[in-house]
Amino acid sequence: MSTDLPPMDEEYLKARRLLVEGEVEDRITLAKDHKTRPEVLYFLAEDESPDVRRDVAANASTPHQADLILVGDDDDGVRAELARKIARLVPGLDAMESGRLHDHVLAMLDQLAKDSLPKVRAILAEEIKRSALVPKTVILKLARDLEETVSCPILEYSPLLDDDDLREIIAAGLSQQALVSIARRDQLSENVSDDIAGSLEIPAVAALLANPSAQIREETLDQIIEQARQVSALHKPLALKPALSIRAMKRIASFVASALVHQMIESSGLNHQAADGLLDEVRKRIMTERVDDSEAQRLAEQARDHYRRGMLTDDFIADSITANRRELLIQCLAVMSELEPRIVRQILFSKSGRAVTALVWKAGLSMRTAFQMQTEIALVSPAQRIAAQDGKDYPMDEDEMVWQLSYYTE
């Protein structure tokens, strides 16, 4: 009769020897191995080395009893690894039904959601933020966490939070970034949007406007528009909000920069007639925003100084267009084109893409700058804009450029 031990027992005896006689590296090898027997992993859960215990925590074969030991481990890394492992079992909760593993996962989720270390709670929140299978009590606990790294993923993504939950959390007070996370939620309801708008938190309102699926009542949008008159940080998200009505666009166009009006028209896909009407309203506003004589003189001196120093390049002009430095641009174009500022102003308000293009050409700038000037400063309607030839060249010859300018110089 053979006295050889079965292979399983040989492996077990080898593991026992390593537990007693092996080095830390040997015990780490055991802790990582999914084939290590449960009783060995249980023993390693109380190993003196945190490196060993971390690998036991990460091992999917570790028995439930060992996890219960590790959830109270003094080492933060051990509990962090345990949080990752337990959270990754969540997608299979339905299949577990009411078995011991199901109950074990739920109990561990509850314990980890109360962990003293924000990093552990944050790992758990990130892993389960989209799950509809975890207990709602765990989700609510994480959603109300004072640490943004914990609460924000849950507030933005969890499908278990309904309108009542979100409104209660907002009413109780939360950080600015947490409110931004709620504002980014998919299919945000009108009631929650009302609460976010009523908070007057600028980043959150901006995030709400940028959320294409958020439902916002017309009255709420009117309130935001009125608020935005004095808050420049809301101008861009408001102008670029999808599906704005013509009425809303007219109100917005009455105070935002002309470049944003151009972007609003482009993003909304307005027809030429509606776009022209909106641009006319903006031109009227701009014409009433003239600077006084002393400011005009200061800007003229600044333009001449920039010209002497060789600063008036395409890049400089493009940056000034983006920053909506309209009066400085008029003075710079006057210096560069050797035209009077009043003529430059007249051309920019002419609605003529050809005239504006000729002006930029005379100033020695590129066709790319001419197109940007047409759209963002002169607010030339889409039907009247002049595009580049071959993507970069002026589409008119020198004679036509001169002829276009003669309307304003003779």
Side-chain angles (χ1 to χ4, degrees), residues 4-135 137-139 141-142 150 153-154:
D4 291 341
L5 292 169
M8 180 67 73
D9 290 339
E10 288 182 356
E11 290 297 321
Y12 178 63
L13 289 176
K14 179 182 177 182
R16 287 290 301 269
R17 283 195 298 272
L18 290 176
L19 288 177
V20 176
E21 304 170 5
E23 301 294 333
V24 171
E25 291 75 13
D26 297 317
R27 302 199 302 278
I28 287 175
T29 299
L30 285 174
K32 286 181 176 180
D33 192 345
H34 292 284
K35 296 179 181 178
T36 298
R37 292 177 60 159
E39 56 267 39
V40 174
L41 291 170
Y42 180 83
F43 187 84
L44 290 171
E46 295 184 296
D47 194 276
E48 63 181 18
S49 168
D51 292 335
V52 173
R53 302 199 304 275
R54 285 181 204 132
D55 287 325
V56 174
N59 194 329
S61 298
T62 297
H64 310 335
Q65 298 87 339
D67 285 340
L68 291 172
I69 294 172
L70 295 168
V71 77
D73 199 285
D74 292 336
D75 185 83
D76 300 339
V78 171
R79 303 198 309 280
E81 288 298 334
L82 186 62
R84 289 190 183 93
K85 178 179 74 178
I86 297 299
R88 287 168 187 164
L89 294 174
V90 166
L93 274 174
D94 268 353
M96 296 174 196
E97 297 179 349
S98 59
R100 291 179 60 190
L101 178 57
H102 179 277
D103 295 341
H104 167 70
V105 171
L106 296 187
M108 296 299 292
L109 286 173
D110 186 65
Q111 286 285 354
L112 291 165
K114 296 183 288 190
D115 195 276
S116 60
L117 185 69
K119 176 184 174 182
V120 172
R121 305 196 304 274
I123 289 171
L124 183 66
E126 185 62 31
E127 291 286 347
I128 67 173
K129 64 186 180 184
R130 298 181 189 272
S131 175
L133 300 175
V134 297
T137 53
V138 171
I139 289 298
K141 193 186 306 293
L142 295 172
V150 179
I154 300 296

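Both backbone and side-chain heavy atoms feed into the values below; hydrogens, waters and symmetry mates do not.
Side-chain contact between Asp51 and Arg27 is absent, with no heavy atoms from C-beta onward closer than 4.5 Å. Leu70 places none of its side-chain heavy atoms less than 4.5 Å from the side chain of Arg79. Contact annotation: the side chain of Leu89 approaches that of Ile86 to within less than 4.5 Å [non-hydrogen atoms, C-beta and beyond]. Counting heavy atoms from C-beta outward, Ser61 and Thr36 have side chains that stay 4.5 Å or more apart. You'll find the side chain of Lys32 stays beyond 4.5 Å of the side chain of Val56, heavy atoms only. Ile139 has its side chain within reach of Ile128: a pair of non-hydrogen atoms, C-beta onward, lies under 4.5 Å apart. Residues Val90 and Leu109 have side chains in contact (heavy-atom distance under 4.5 Å, counting atoms from C-beta outward). Taking 4.5 Å as the limit, every side-chain heavy atom of Pro135 sits out of range of all side-chain heavy atoms of Asp110.
Of the inter-residue distances, the one linking Ile69 atom CD1 with Tyr42 atom OH reads 3.5 Å to the nearest 0.5 angstrom. The CD1 atom of Ile123 sits 10.5 Å away from atom CG of Leu82, with the distance rounded to the nearest 0.5 Å. Here the CG-CD1 distance, from Leu142 to Ile154, works out to 5.0 Å after rounding to the nearest 0.5 Å. If you take CG on Leu124 and CE on Met108, they are separated by 10.5 Å, rounding to the nearest 0.5 Å. Note that OG1 of Thr137 is 8.5 Å distant from CG of Leu106, once rounded to the nearest 0.5 Å.
Among residues two or more places apart in sequence or in another chain, the salt bridge (charged side-chain N to carboxylate O under 4.0 Å, His left out) test is passed with Asp55 by none.
Tested against Glu127 for a salt bridge (charged side-chain N to carboxylate O under 4.0 Å, His left out), the candidates Lys85, Arg88, Arg84, Arg121 yield a single pass: Arg88.
The main-chain N or O of Glu25 is found under 3.5 Å from a side-chain atom of Thr29 such that the two form a donor-acceptor pair. One N or O on the side chain of Asn59 and one on the backbone of Asp33 form a donor-acceptor pair closer than 3.5 Å.
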Would you check, one step at a time, whether the test salt bridge (Lys or Arg N to Asp or Glu O under 4.0 Å) holds for Asp75 with Arg54?
CA-CA 9 Å; Asp75 185 83; Arg54 285 181 204 132; 3.0 Å; yes
Run the numbers on Asp76 and Lys119 for salt bridge (Lys or Arg N to Asp or Glu O under 4.0 Å), then give the verdict.
CA-CA 8 Å; Asp76 300 339; Lys119 176 184 174 182; over 6 Å; no
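The minimum heavy-atom distance between Pro38 and Pro63, with the atom names listed, is O-CG, 3.6 Å.
The stretch residues 56-80 participates, sequence neighbours left out, in these ring-ring contact (aromatic ring centres under 6.0 Å, His included) pairs: His64-His104.
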